[in-house]
Amino acid sequence: MSVRLRFAPSPTGHLHVGNVRTALYNWLYARQHKGDFILRIEDTDAERSESRFEEALMDDLRWLGLDWDEGAGEGGAAGPYRQSERFDVYRETAQRLLEEGSAYYCFCTPQELEEDRRRQVKGEPPRYIGRDRDLDRDEALSRMEAGEQATVRFKVRGGRVSFVDQVFGPVEVDCATIADFVLLRSDRSPQYNFAVVVDDAGMGITHVVRGEGHLSNTPKQVLLYETLDLDPPQFAHLSTILGKDGGKLSKRHGATSIDQFRRRGYLPEAMVNYLALLGWTPPNEGQEILSVEELIKHFDLGKVHKSPATFDTEKLNWVNRSHLKLRPADEVGLLMAPFLREHGWLGEVEEGSPEQEWLGELWQAVAKYVDRLDQVPEHSRVVFDFHPKRDLLREEVREALSEDGAWRVIETLDRELQAKDDLDLESYKAAVNAVKDSTGAKGKHLFHPLRVALTLRTSGLSLDQLVSLLEKGKHLQLGHPVVGARERVRAVLEARS
RNA sequence: GGCCCCAUCGUCUAGGGGACUAGGACGCCGCCCUCUCACGGCGGAAACGGGGGUUCGAAUCCCCCUGGGGCUACCA
C-alpha cells in the first residue's frame, strides 16, 4: 500500500520554522516512499483563522519546493481539504457515535466545568467529572428541542491505551487520566482531536508526523480510531525547536517565520537542508550539505531525535553560504538583483542579458563575504557608490593617502591610464607594472594607494576583480552608472584640491 | 497539583556495556596563504547535569534528584 502523509497547519499566522520542519519531514517521507503528500487546512477555530494566512502559507510551501499532490489549492478525491468545509462529515460521525452509545450530550455550563476543575482532589488530575455521562438519551433530546445548548462528548473507556510512536517509542497511558473530551462544541463545530481523526481516516492518511505537543493527545485519538473501528495510522512526533536561550522559539529570537528568512536572502534549499539537520543526522559523517534529492534519499524517520534542538542562525548561515556557492553564478546574479534594486543601484535585468552575466561576475567577487543575499549590497557598494568629494574626507582614507608616496602612485597610474583605451585585466596589470617600475613602490605601498583611489576604502574586493567589473559595468544598462577605473583615478585627483 | 516526554562540547550531533586518551559539523582561537578585508588550507581549546545502583567493566542499563518541555480547553 502506498503511503499518504499530510501537513495540516492552522491558518492563524505566518509559517514558523518549526511548522516548516514538520511539513518537510512529512514531505521527505512521502517523496522517499513515492507516496502522496496532502495539504489540509485546519481552520476549525474561526476566531483565529484568516484566509490571507492560508494564501501566505501555500506561497511559502511552494517557495520551499514542498509541493503537495492533494489538498487546498490543488483539489483531490478525498476533499474538501479545509476543515471548515467538512462540518457535515464530523456531524455525521458524531451522530453515529451518539447512536452507538460511545458519545453523549453534555449540558454542563462553562461555570460548572470551571468549578469541577477547581474542586480537584489533591493527587488527582483535574478533569471533567462526567456529570452527564449517563443522562437518558430521550431526556437529552427533549432538552435540546427546548433550546438548551449541548456539546457532544466522547465516552472514554476504562483500561489502558497504547500505541507505538516512530520517534518516541511505545506509549501507554491509563484511560482514567483522560477525561471525556468534547467531540462537537455547542455550536456544532468539531473539536481538534475529533476532526483530525475523522480527516486522517477519511483521507486515508497512513503516517501522521506532527509536533511533539500532540503526543499527549494521541491516546485520545487512538481511542477514537478504536471505537470507529478503524486502524490508526503510524504516528511520529517531532520535538520542539528552541530559541538560543533554550525557550520556545519566538519573535524575540529574531526571524522565526519562513517568509522572513526568504526576504533576507536565504535559499529555499538551504532552509530545507538546515531544518532537516535539526533533529536528524545524515548517514555520512561530516557531510551535512545535502541537496533536496539527497535528503529524500537518506532521510530516516526512525532516526529522528527525541530531544529538542536549538535553532542556530550561525549554522544556518553556513548552510546557506554553502548552497549559494553550489548555484551557478549567473543564477545567483539574478537572485540578488532585487536586493541591489532596493538600494537604487539596479534597474530591471533580463534573463540571458549581458547585464545578468555581469551580475554573475559581481556575485563571484562578493560571494566570499556573504551569508545571505541581503548582504550583497553592502559589499557591492564599492562598485556602485563612488563619491570622491565625500569619501576623501573619511578618516581611514585620509590616513591611507597621507602615507609616503601614495599620491605619487596614484598620479603615475593616472598618467598610465590616460594613454590607454578601455581596460581589460591585462592592460590594467600592465599599467600597474609600469607604475611599479617608475615609482619603485611595491607590495602594500603600491596596492594600498591604488585600492584607495579606486574604491575610497581600505579594504574590500580584490582589485583585479574590481577593475574588471568597473570596466565592463560602465558600458552596461544597469539602471545606475558605474564609474570606470580610469575615470575614478582622475576624479580622485581632481577632488583632491 | 496530576499524567507524559526529554537530557553528550556554546550549538547541531556520533555513540546503543569493553573498539572512548568520547568522533564529526557550526561557531571560536592560532598558524599558513595574501596589496586589504575575506575565502581557502592546517592545527587547537571545548561535553557525557548530580547522586545512587547493576556489572569484572558504564556516556551507554535501572532508580532518585535537578533542569527543560508538553498535555490536563467548547485552542490547534
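Side-chain atoms are counted along with the backbone in the values below, which use heavy atoms only and exclude waters and symmetry mates. Proteins get letters first, then strands, A, B, ... in listed order; numbering begins at 1 in each.
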- Which whole-number value in Å describes the distance from A:L184 CG to B:C75 C1'? 16 Å
- With a 4.0 Å cut-off on heavy atoms, is A:S462 in touch with a base, just the backbone sugar-phosphate, or nothing at all? base
- Query: To the nearest angstrom, how far is A:I41 atom CD1 from B:A76 atom C1'?
  - Reply: 13 Å
- Task: Write down the distance between CD (A:Q465) and P (B:U34), rounded to a whole number of angstrom.
- Result: 17 Å
- Rounding to a whole Å, what distance do you find between A:R48:CZ and B:C74:P? 15 Å
- Run the numbers on A:W68 and A:F7 for ring-ring contact (aromatic ring centres under 6.0 Å, His included), then give the verdict. CA-CA 9 Å; A:W68 54 102; A:F7 175 54; 9.4 Å; no
- Note on the structure: Re B:A45: Watson-Crick or G-U wobble partner, both distances kept under 3.5 Å, found to be none
- Out of B:U36, B:C39, B:C74, whichever nucleotide has its closest atom nearest the side chain of A:R451: B:U36
- At under 4.0 Å between heavy atoms, what does A:K325 touch on the DNA or RNA strands: base, sugar-phosphate, or nothing? sugar-phosphate
- Message: Counting the atoms with a prime plus P, OP1 and OP2 as sugar-phosphate, which does A:G213 contact under 4.0 Å by heavy atoms, base, sugar-phosphate, or nothing?
- Response: sugar-phosphate
- Message: From CG of A:L454 over to C1' of B:C37, roughly how many Å is that when rounded to an integer?
- Response: 16 Å
- Message: Any base atoms under 4.0 Å from A:L316, or only sugar-phosphate, or nothing? Heavy atoms, all strands.
- Response: nothing
- Lys/Arg-Asp/Glu bridge criterion (N-O < 4.0 Å) met for A:D371, A:R321: yes
- Does the B:C39 base have a donor-acceptor partner in the side chain of A:Y369 within less than 3.5 Å? no
- Which residue lies toward the 5' end of RNA chain B, A:S459 or A:P170, if each is placed at its nearest nucleotide? A:P170
- Given side chains that start at C-beta, do those of A:D199 and A:R40 come closer than 4.5 Å, heavy atoms only? yes
- Task: May I ask you to evaluate whether A:R185 reaches the phosphate of B:A76, defined as a side-chain N or O under 4.0 Å from OP1 or OP2?
- Result: yes
- Message: With rounding to the closest Å, how many angstrom separate the P atoms on B:G15 and B:A7?
- Response: 13 Å
- Determine the interatomic distance between P on B:G67 and the same-named atom on B:C28; round to the nearest Å. 33 Å
- If the plane angle is over 60° it's perpendicular, under 30° parallel, otherwise tilted; pick one for A:F299 and A:Y25. tilted
- Task: Report the distance from atom CZ of A:F7 to atom P of B:A76, rounded to the nearest whole Å.
- Result: 16 Å
- Item | Between A:H379 and A:Y369, ring centroids under 6.0 Å | yes
- Note on the structure: Whole-Å distance, A:F154 CZ to B:C74 P, equals 16 Å
- Task: If the plane angle is over 60° it's perpendicular, under 30° parallel, otherwise tilted; pick one for A:Y225 and A:F235.
- Result: perpendicular
- Give the B/S/- string for nucleotides 7-14 of chain B, one per nucleotide from 5' to 3', where a protein heavy atom under 4.0 Å of the base yields B, of only the sugar-phosphate yields S, and otherwise -. S---SBSS
- Using a 4.0 Å heavy-atom cut-off across all strands, classify A:D45 as base, sugar-phosphate, or nothing. sugar-phosphate
- Could you check whether A:F168 gets within reach of a base, just the sugar-phosphate, or nothing at all, counting any heavy atom under 4.0 Å? sugar-phosphate
- Select one nucleotide: of B:C35, B:G40, B:A25, the one nearest the side-chain heavy atoms of A:W318. B:A25
- Task: May I ask you to say what A:R188 touches in the nucleic acid, namely base, sugar-phosphate or nothing, with a heavy-atom cut-off under 4.0 Å?
- Result: nothing
- Query: Just checking A:V173: base, sugar-phosphate only, or nothing, at a heavy-atom cut-off of under 4.0 Å?
  - Reply: nothing
- In whole Å, what separates the P atom of B:C26 from that of B:G44? 15 Å
- Query: Which of these nucleotides, B:A76, B:G70, B:U72, is closest to any side-chain atom of A:K220?
  - Reply: B:U72
- Applying the side chain to side chain contact (heavy atoms under 4.5 Å, CB included) test to A:T44, which of A:P190, A:S84, A:S189 qualifies? A:P190
- Query: Are any of the side-chain nitrogens in A:K303 or A:D300 under 4.0 Å away from the carboxylate oxygens of its partner?
  - Reply: yes
- Comparing A:T458 and A:S216 on RNA chain B - which has the more 5′ nearest nucleotide: A:T458
- Query: Where the side chain of A:F447 is defined as all heavy atoms beyond and including C-beta, which of B:A76, B:C35, B:G27 is the nearest nucleotide?
  - Reply: B:C35
- Rounded to the nearest angstrom, tell me the gap between atom NE2 in A:H16 and atom P in B:A76. 19 Å
- Go through the steps for A:F311 and A:Y274 under the test ring-ring contact (aromatic ring centres under 6.0 Å, His included), then give the verdict. CA-CA 9 Å; A:F311 191 89; A:Y274 177 66; 5.3 Å; yes
